[in-house]
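Here is the structure we will look at.
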Amino acid sequence: MINLNITAAAEEHIVPAAQYGHFAEHLGRCIYDGFWAEEGCTKRSPEGYRTDVLEAMQKLHIPVLRWPGGCFADDYHWRDGIGAPQQRKRRLNATWGWVAENNRFGTHEFFRLCALLGCDAYLAANMGSGTVQEMAEWIEYVTSDFDTDVVRERRANGRESAWKLPYLGIGNEVWGGGGFMTADHYSDLYRNWQHFARNFNDMDRPMMKIACGPNAGDYHWTERIMARVDAGMMQGLSLHYYTVPTGNWDHKGDAVEFTEEEYLQTIRSALFMEELITRHSEIMDKYDPEKKVALIVDEWGTWYDVTEGTPEAFLYQQNTMRDAVVAACTLHIFHRHTDRVKMANLAQTVNVLQALILTEGDRMVCTPTYHVFDLFQPHKDALLLDLAGEVPVVDGLPAVSVIATKKNDSVCVSMCNPTLTDHAVTLDIGTVAAAVQSAQILTGDCHACNTFDAPEAVVPVAFTDYSVAEGKLTVSLPACSVAVLILQ
């Protein structure tokens with residue numbers, strides 16, 4: 001029996017809704033045949049969006065969407081994607097598969113998508129092959145209502161008033177394919193570029209300028225950026241980390257066929273996120289003790305070998321209960337670091353890596369990861385509660401991961417058993433709640449997944465294996481499971 005105690009927190013920390021952000025890149029079938037449906041698709045809306053994907057994403061009430069990359073942003077020139085669709089430039093997507101990019105989905109289509117989803121926009125500016133002027137004019141095109149040639153161009157393309165741009169990333173993975181820069185060189189460039197990243201509207205909510213942060217455990221990168229860029233020049237520093245079970249990028253492992261040890265190693269790899277955030281935060285604290293600069297985990301998720309028979313560069317992979325456990329444990333890590341982690345973006349939304357949704361022709365399935373994001377919705381913008389007690393380690397994993405939050409009169413307790421062994425957990429809830437109002441669980445064999453022929457093989461179901469007595473909640477949590485209980 002695992003005994004834990006939930007109490008009101010000594011310090012007030014709110015779980016930012018933006019920790020449930022997402023990422024859509026022009027990669028494989030994420031945009032085209034993902035969010036966007038070409039002519040002839042029966043799921044195509046009059047505006048061009050794929051209706052089944054749109055409806056599924058609307059149910060999640062996502063807070064923010066990052067676009068157009070990723071590495072695609074390093075070659076993206078925004079003017080290619082405006083104007084009459086049939087007249088837009090046709091280019092080669094040399095980053096992901098050397099396939100044709102028709103630019104039918106561009107700036108207008110992205111901001112309309114954000115409006116349909118009710119989410120904030122996060123643009124990734126092209127520092128790799130673009131110019132500071134190109135970035136500045138893109139921001140003007142998006143956010144300005146002054147009578148300038150750039151604004152007249154937007155109005156001629158059908159958008160009278162400016163959009164809101166809450167987030168701007170200046171450079172993507174500049175330590176790699178985004179420019180192969182050193183931290184010192186990038187710092188100097190960033191100081192220059194951020195000066196010309198002028199937001200023309202919404203002064204009550206200044207645009208967050210996000211600098212390119214480290215690749216996983218590159219602590220030297222964080223040290224140099226924080227030392228060389230004044231906190232007033234950036235409001236966010238990004239972090240990218242992917243869970244690769246084998247640690248070998250040439251042979252990452254299969255998304256569905258894996259051994260018990262490979263399962264355990266995947267979860268261990270995902271849990272490394274805790275150390276990454278802790279150590280990068282410690283460096284940031286030295287230069288920014290007031291925590292004015294947020295840590296933005298704008299790319300995270302599992303990365304396996306691509307599904308057999310699909311293009312290597314499209315990064316299409318199936319999604320199992322193993323991925324659901326990764327999602328739950330990772331979101332819990334973000335919640336424990338709400339003082340610094342203000343946004344995170346799962347990679348990627350549709351048909352790529354740890355996707356929420358998979359499509360095939362006119363068919364669509366929601367993955368186990370989708371259902372975790374759905375179950376965890378009550379945590380958004382809720383007060384984080386304290387959790388105390390010892391959690392045993394089983395096979396190198398904590399036997400259980402638990403987060404509790406409070407919003408209004410409801411307490412949401414999410415529990416994940418990442419191990420392959422059943423566990424009983426007792427939570428002392430006497431000071432925060434008295435009864436369980438609802439309970440759901442997502443569980444199954446760790447290899448279980450939703451397919452186009454069996455789209456509901458892994459879905460949340462009512463959970464009843466719990467009891468409440470004398471201020472204690474006792475839960476029997478099966479192996480490889482995610483449960484969410486709402487208390488009052």
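These numbers come from the heavy atoms of this one structure, side chains and all, not from hydrogens, waters or symmetry mates. Everything numeric in this text was worked out from a predicted model, so none of it was measured.
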Among side-chain atoms of [X] and [Y], is any donor-acceptor pair under 3.5 angstrom?
{"X": "Ser269", "Y": "Tyr241", "answer": "yes"}
{"X": "Ser410", "Y": "Gln488", "answer": "yes"}
{"X": "Asp218", "Y": "His220", "answer": "no"}
{"X": "Thr349", "Y": "His22", "answer": "no"}
{"X": "Thr474", "Y": "Thr426", "answer": "yes"}
{"X": "Trp303", "Y": "Gln354", "answer": "no"}
{"X": "Ser187", "Y": "Arg224", "answer": "no"}

Between atom [atom1] of [X] and atom [atom2] of [Y], what is the distance when rounded to the nearest 0.5 Å?
{"X": "Cys416", "Y": "Ile267", "atom1": "SG", "atom2": "CD1", "result": "7.5 Å"}
{"X": "Cys119", "Y": "Gln58", "atom1": "SG", "atom2": "CD", "result": "10.5 Å"}
{"X": "Leu295", "Y": "Ile283", "atom1": "CG", "atom2": "CD1", "result": "10.5 Å"}

Whether [X] side chain and [Y] backbone form a donor-acceptor pair below 3.5 Å:
{"X": "Lys209", "Y": "Met234", "answer": "no"}
{"X": "Asp395", "Y": "Leu397", "answer": "no"}
{"X": "Asp422", "Y": "Ala479", "answer": "yes"}
{"X": "Thr405", "Y": "Leu383", "answer": "no"}
{"X": "Asn172", "Y": "Gly70", "answer": "yes"}
{"X": "Gln377", "Y": "Lys59", "answer": "yes"}
{"X": "Asp305", "Y": "Lys252", "answer": "yes"}
{"X": "Ser481", "Y": "Pro478", "answer": "yes"}
{"X": "Tyr370", "Y": "Ala56", "answer": "yes"}
{"X": "Thr359", "Y": "Gly34", "answer": "no"}

Non-hydrogen side-chain atoms of [X] and [Y] separated by less than 4.5 Å:
{"X": "Thr367", "Y": "Asn450", "result": "no"}
{"X": "Leu237", "Y": "Met284", "result": "yes"}
{"X": "Leu123", "Y": "Phe111", "result": "yes"}
{"X": "Val352", "Y": "Arg29", "result": "no"}
{"X": "His371", "Y": "Val458", "result": "no"}
{"X": "Glu275", "Y": "Phe272", "result": "yes"}
{"X": "Val413", "Y": "Leu427", "result": "yes"}
{"X": "Tyr304", "Y": "Asp254", "result": "no"}

Quick one: which of Thr320, Asp323, Asn319, Thr266 gives a side chain to side chain donor-acceptor pair (under 3.5 Å) with Thr302?
->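 Testing each of Thr320, Asp323, Asn319, Thr266 against Thr302, the sole residue satisfying side chain to side chain donor-acceptor pair (under 3.5 Å) is Asp323.
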The single option from His280, Lys342, Gln19, Glu274 passing side chain to side chain donor-acceptor pair (under 3.5 Å) against His337 |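 Answer after filtering His280, Lys342, Gln19, Glu274: Glu274.
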Please assess Asp453 against Thr451 for the test side-chain hydrogen bond (donor to acceptor under 3.5 Å, both in side chains), listing each intermediate value before the final yes or no.
-> CA-CA 5 Å; Asp453 294 326; Thr451 67; 5.3 Å; no
Using a strict 4.0 Å threshold on nitrogen-to-oxygen distance, state whether [X] and [Y] make a salt bridge.
{"X": "Lys292", "Y": "Glu290", "value": "yes"}
{"X": "Asp184", "Y": "Arg228", "value": "yes"}
{"X": "Arg268", "Y": "Glu261", "value": "yes"}
{"X": "Glu282", "Y": "Lys286", "value": "no"}
{"X": "Arg66", "Y": "Glu299", "value": "yes"}
{"X": "Arg322", "Y": "Glu262", "value": "no"}
{"X": "Arg363", "Y": "Asp52", "value": "no"}
{"X": "Arg50", "Y": "Asp362", "value": "no"}

List the steps and the verdict of side-chain contact (heavy atoms from CB on, under 4.5 Å) for Val432 and Leu385.
-> CA-CA 9 Å; Val432 297; Leu385 299 178; 4.2 Å; yes
Taking the six-membered ring for Trp, are [X] and [Y] closer than 6.0 Å centroid to centroid?
{"X": "Tyr32", "Y": "His26", "result": "yes"}
{"X": "Tyr20", "Y": "His335", "result": "yes"}
{"X": "Trp300", "Y": "Phe334", "result": "yes"}
{"X": "Trp36", "Y": "Phe110", "result": "no"}
{"X": "Phe376", "Y": "His332", "result": "yes"}

Is it the case that more than 12 heavy atoms not belonging to Lys291 sit under 6.0 Å from its NZ atom?
->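 Yes, NZ of Lys291 has more than 12 neighbouring heavy atoms, counting only those of other groups under 6.0 Å.
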Between Phe258 and His447, what is the ring plane arrangement, given parallel below 30°, perpendicular above 60°, and tilted in between?
->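 Rings of Phe258 and His447: parallel, under 30°.
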Given Asn351, Val53, Leu358, Val350, the one that forms side chain to side chain contact (heavy atoms under 4.5 Å, CB included) with Met364 |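 Per the side chain to side chain contact (heavy atoms under 4.5 Å, CB included) rule, the option paired with Met364 is Val53, out of Asn351, Val53, Leu358, Val350.
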